[in-house]
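Encoded as structure tokens, the structure appears first; notes follow it.
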Amino acid sequence: MFEKEQQLIETKIKEFCTANDIPLAELKWQPIPFSGEWGLATAFFQTAANEARAGRGSKAPVPQRAQEIAELVKAQIGSVAGISRIDAVKGYLNLYYSTAEYARRVMEEVLASRADFGRGAKKNERVMVEYAQPNTHHSFHIGHARNTILGEVLARLVEFAGFETIRASYPGDLGLGVITVMWIYDKLYKGQEPEGVHERGQWLANLYVEATSMLEKQENETPEQTAQREAYDAERREMYRRWDTGDTYVRELWRTTREWSLEELRAVLHMLDVKMDVWFYESEVDEASKTIVDELIAKDIATDERPQGGAVIVKIDEKLGLTKEKYRTNVLLRSDGTTLYLTKDLALAKMKFDQYHVDRSIYVVDVRQSLHLQQAFAILKLWGFPQAGKCYHLGYGFVSLPEGAMSARRGRVVLFKDVADEAVRRVLAVESQKSGDIPASEREKIANQIGLGALVYSMLSVDNNKDIVFDINEALSFDGRTGPYIQNAYVRANSILKKAGKQVAGTQVSTSFDYELTKHEIELIELISRFPQTVEQAANEYRPLVMAAYAYDLANIFHSFYHAVNVLQTEDEKIQNARLQLVMAAKQTIENALRLLDIQAPEVM
RNA sequence: GCCCCCGUAGCUCAAUGGACAGAGCAACUGCCUUCUAAGCAGGAGGUUGUGGGUUCGAAUCCCGCCGGGGGCACCA
């Protein structure tokens, strides 16, 4: 917002250094910390160090010489319009903005852009974010929720940062797990179908647990039990074979049961306000993946060992000319001619590049699949896709339970829907004592917004490379560094504006901040002004946490401001108008941040 | 054996080369006839696992060690 002034000063510094033979290092600017005032700072340590190395300048120690240079530069610059003061402190040059002017510029920008405040300039690049890849015939658990929330927030961030963004889901709708559920359904539960989308999804998950116990080798089996188990397994294998050959009955059974899972997935995505653009199904990619194998063999990227009774493999390190073991060797086609996960991911990547013209491809996948994805990216590079360098794996630590890893097999999972329901119950339980007057018709909706807000924020406030041990009391906490804390800041801002009523309508952009601002107002304006660069950083680094941390900081400062400064009781009308405008800007910025975090902003709570 | 990630306050986590390492939770002290206390203010809590190195400057970069987690071709 002060780019022009900054440019002018940079030019002056450069001129001064050239004239005085000072080897100026690159100028890096940062906000002045702990000042209670706004401004930019740059350090001269590097310059002083350069000078010392070249044997020039005074023989003073670096910090002292840096301070000398800062003082000389300060004297040289003189006064600049829009900059109230320049200080040389501890080797830093601090430029303080004129407060009234700074506040005016920030407010003007927020209130002119509104929902677009912080939006980055349009980039000519198309990004695809792939997330939400649960297996069908199971139920959506809290680990899937972390994946989906991270993916959605990342998509929102890159989209808001200016990239054309495509959201892609990739459900795993084939494999032994799927067949296992179909087998037990067909054998024991045919014709049954619980009411309710989520109930049906959970029922399938339970069938899987039951089937697993029937098919797994038990300790101290009697010969009869062993025979029984082997018979079951033979039935399951037969069903897999029939599925493979396209048997009408089995395929129909598959489509029906799969649809139950997909309905549940769509319902969960709807709850999380996720609108997928593209659905890739593993079963569909499977067909396509068979054709790429021949192409990779023809290009001499893959090695066909089938004539020797082996598989089709890619010796990745060898093909890349690496002498040290890095990507190793991986199989593309089993010796029985069936494809693997890697084969499908390669085919899918090709589809993304060729059909969807994706320039940048982000995979939100569990960190344990890091090697696998690095292998896939390396093969894409060998294949000659220029986008291979812009494939990025956003790995995240897995979500486990206090009693250990989740296991769909054993039914030891925490289902997303159960947690979400519990969240709503807990909000409703405290609503009567904590909330103001909320119309009965709104209660459920607001409880949903707050409950999900708590859950979503708990998934975002931990950096993605960290594992999470899921504790429902922590995830659904409403106090302190949580979603509801941020939502409450929004509600309070809204409440002030609502009560102000008339004044808001009359508030003009011409409002002046030409009065002595309190420390809280200064901090609030400062943080609002940093929103655009925070969006950029979070999107560039693919880190939702950066935005989550910002939203908390902004809410935190707003809460302090709220207590310290009573807006509606401000007597001077001019000052009150300025403060109302500040509240409007804060409300807007919190709203924009919450939207990026996939958390709803309730009007009351 | 090789590769990746992590080690920061009692606990859960921030801060990725800059000025004084910050929050929340737990515990402690205050603040509700006030724009909603899902909040605010205050004190307490740290030789950033450890030993070296690079740098004017290191929680951050490099090397060693200790401790924890994950992964290493016909699973996904």
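Labels below follow one simple rule: chain letters A, B, ... track the order of the sequence lines, proteins then strands, and each chain is numbered from 1. Just so it is clear, the values below take in all heavy atoms, side chains as well, and ignore hydrogens, waters and symmetry mates.
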Discussion item. Regarding A:S461, tell me which of base, sugar-phosphate or nothing describes its non-hydrogen contacts under 4.0 Å with the strands shown.
Written reply: sugar-phosphate

Worksheet entry | Spacing of the P atoms in B:G17 and B:A59 (rounded, Å) | 13 Å

Worksheet item: Taking atom C1' of B:C4 as reference, at what distance in whole Å does atom CG of A:N465 sit?
Response: 11 Å

Discussion item. Walk me through whether A:F377 and A:H393 qualify under ring pair (Phe, Tyr, Trp, His ring centres under 6.0 Å).
Written reply: CA-CA 9 Å; A:F377 299 162; A:H393 172 209; 7.4 Å; no

Practice prompt. Rounded off to whole Å, could you give me the CD-to-C1' distance for the A:Q46 and B:G17 pair?
Written response: 10 Å

Discussion item. Can you measure A:D553 atom CG to B:A15 atom P for me and round it to whole angstrom units?
Written reply: 11 Å

Item to complete: Mark yes or no for a side-chain to base donor-acceptor pair under 3.5 Å between A:E474 and B:C25, with no hydrogen or angle criteria applied.
Response: no

Worksheet item: Looking at A:R328 and A:E325, does any basic side-chain N land under 4.0 Å from a carboxylate oxygen?
Response: yes

Discussion item. From CZ of A:R481 over to C1' of B:G39, roughly how many Å is that when rounded to an integer?
Written reply: 17 Å

Discussion item. Classify A:A493 by what it touches in the nucleic acid, base, sugar-phosphate, or nothing, heavy-atom distance under 4.0 Å.
Written reply: nothing

Worksheet item: What is the nucleic acid contact for A:V567, judged by heavy atoms within less than 4.0 Å: base, sugar-phosphate only, or nothing?
Response: base

Worksheet item: OP1, OP2 of B:C4 versus side-chain N and O of A:K326: anything below 4.0 Å?
Response: no

Item to complete: Could you tell me whether A:L176 contacts a base, only the sugar-phosphate backbone, or nothing, with contacts defined as non-hydrogen atoms closer than 4.0 Å?
Response: nothing

Discussion item. Check the phosphate of B:C40 against A:N556, side-chain N and O only, distance under 4.0 Å to OP1 or OP2. Yes or no?
Written reply: yes

Worksheet item: Roughly, in whole Å, what's the span from CG in A:L342 to P in B:G71?
Response: 18 Å

Worksheet item: Taking atom types as modelled and ignoring hydrogens, do the side chains of A:N147 and A:Y396 form a donor-acceptor contact shorter than 3.5 angstrom?
Response: yes

Item to complete: May I ask you to verify if any side-chain N or O of A:N488 is less than 4.0 angstrom from the OP1 or OP2 atom of B:G39?
Response: no

Worksheet item: Taking the side chain of A:Q30 as heavy atoms from C-beta outward, which of B:A19, B:C72, B:A76 is closest to it?
Response: B:A19

Worksheet item: With a 4.0 Å cut-off on heavy atoms, is A:A49 in touch with a base, just the backbone sugar-phosphate, or nothing at all?
Response: base

Discussion item. When the P atoms of B:G30 and B:G49 are compared, how many Å lie between them, rounded to an integer?
Written reply: 37 Å

Worksheet item: Which part of the nucleic acid, if any, lies within reach of A:N135 when heavy atoms closer than 4.0 Å are counted: base, sugar-phosphate only, or nothing?
Response: nothing

Worksheet item: So, is A:S560 near the phosphate of B:A41, with a side-chain N or O under 4.0 Å from OP1 or OP2?
Response: yes

Practice prompt. Grab the two heavy atoms, one from A:L455 and one from A:S458, that are nearest each other, plus how far apart they are.
Written response: O-OG, 2.8 Å

Discussion item. Work out how far the C1' atom of B:U8 is from that of B:A58, and round it to whole angstrom.
Written reply: 14 Å

Worksheet item: When you measure from the side chain of A:V430, which nucleotide among B:C2, B:A38, B:G70 comes out closest?
Response: B:A38

Worksheet item: So, is A:R543 close to the B:A14 phosphate, meaning a side-chain N or O under 4.0 Å from OP1 or OP2?
Response: no

Response to the item:
Heavy atoms of A:I292 and A:A347 approach each other most closely as CD1-N, 3.7 Å

Worksheet item: Between B:U12 atom P and A:F470 atom CZ, what is the distance in whole Å?
Response: 17 Å

Worksheet item: Expressed in whole Å, how much space separates the P atoms belonging to B:C3 and B:G42?
Response: 49 Å

Worksheet item: So what does A:Q369 hit on the nucleic acid, given a heavy-atom distance under 4.0 Å: a base, only sugar-phosphate, or nothing?
Response: base

Worksheet item: At under 4.0 Å between heavy atoms, what does A:Q375 touch on the DNA or RNA strands: base, sugar-phosphate, or nothing?
Response: nothing

Worksheet entry | Sidechain N-carboxylate O distance under 4.0 Å for A:R426, A:E422 | yes

Item to complete: Using a strict cut-off of less than 4.0 Å between a Lys/Arg side-chain nitrogen and an Asp/Glu carboxylate oxygen, indicate whether A:D317 and A:K324 qualify as a salt bridge.
Response: no

Worksheet item: Out of curiosity, A:K74 NZ to A:E71 CD, how far, rounded to the nearest 0.5 Å?
Response: 7.5 Å

Item to complete: Describe the nucleic acid contact of A:V565 in one word from base, sugar-phosphate, nothing, applying a heavy-atom distance below 4.0 Å.
Response: base

Item to complete: Rounded to whole angstrom, note down the P distance from B:A26 over to B:C40.
Response: 14 Å

Discussion item. I need a per-nucleotide contact map over nucleotides 26-32 of chain B, read 5' to 3'. Cutoff is protein heavy atoms under 4.0 Å; write B for the base, S for backbone only, - otherwise.
Written reply: -------

Worksheet item: So does A:R492 get a side-chain nitrogen or oxygen closer than 4.0 Å to the phosphate oxygens (OP1/OP2) of B:A37?
Response: yes

Worksheet, complete the sentence: Per side chain to side chain contact (heavy atoms under 4.5 Å, CB included), A:W183 is matched among A:L215, A:V178, A:D233, A:L176 by A:L215

Discussion item. What is the distance, to the nearest angstrom, from the CG atom on A:L340 to the P atom on B:A76?
Written reply: 5 Å

Worksheet entry | Salt bridge flag under 4.0 Å for residues A:E37 and A:R85 | yes

Discussion item. By the 4.0 Å heavy-atom rule, please label A:N330 as base, sugar-phosphate, or nothing.
Written reply: sugar-phosphate

Worksheet, complete the sentence: Across all chains, not counting sequence neighbours, the side chain to side chain donor-acceptor pair (under 3.5 Å) partners of A:Y363 are none

Discussion item. If you compare all heavy atoms of A:A500 against all heavy atoms of A:L580, which two are closest, and at what distance to 0.1 Å?
Written reply: CB-CD2, 3.7 Å

Practice prompt. Rounded to whole angstrom, note down the C1' distance from B:C65 over to B:C25.
Written response: 34 Å

Practice prompt. State whether the side chain of A:S400 and the backbone N or O of A:V469 hold a donor-acceptor pair below 3.5 Å, judged by distance alone.
Written response: no

Item to complete: Could you work out the separation of B:G7 and B:U60 based on their P atoms and round it to a whole Å?
Response: 10 Å

Worksheet item: So what does the secondary structure string of RNA chain B come out as, 5' to 3', with Watson-Crick or wobble pairs under 3.5 angstrom, [ ] for crossing and | for pairs with another strand?
Response: (((((((..((((....[...))))..((((.......))))......(((((..]....))))))))))))....

Item to complete: Specify the separation, in whole Å, of atom CG of A:L373 and atom C1' of B:C75.
Response: 15 Å

Discussion item. Does the structure show A:F45 stacking with B:G18, if we require the centres to be closer than 5.5 Å and the planes to be within less than 30 degrees of parallel?
Written reply: yes

Discussion item. Distance criterion of 3.5 Å, no angle test: do you see the side chain of A:R65 paired donor-to-acceptor with the base of B:C56?
Written reply: no

Worksheet item: Using the purine O4'-C1'-N9-C4 or pyrimidine O4'-C1'-N1-C2 torsion, is B:C72 syn (within 90° of 0) or anti?
Response: anti

Worksheet entry | B:G39 base stacked by A:Y485 (centroids within less than 5.5 Å, tilt under 30°) | no

Worksheet item: P atom, B:U16 versus B:A23: distance in rounded Å?
Response: 16 Å

Practice prompt. Would you mind telling me which of B:A19, B:U55, B:C5 lies closest to the side-chain atoms of A:R53?
Written response: B:U55

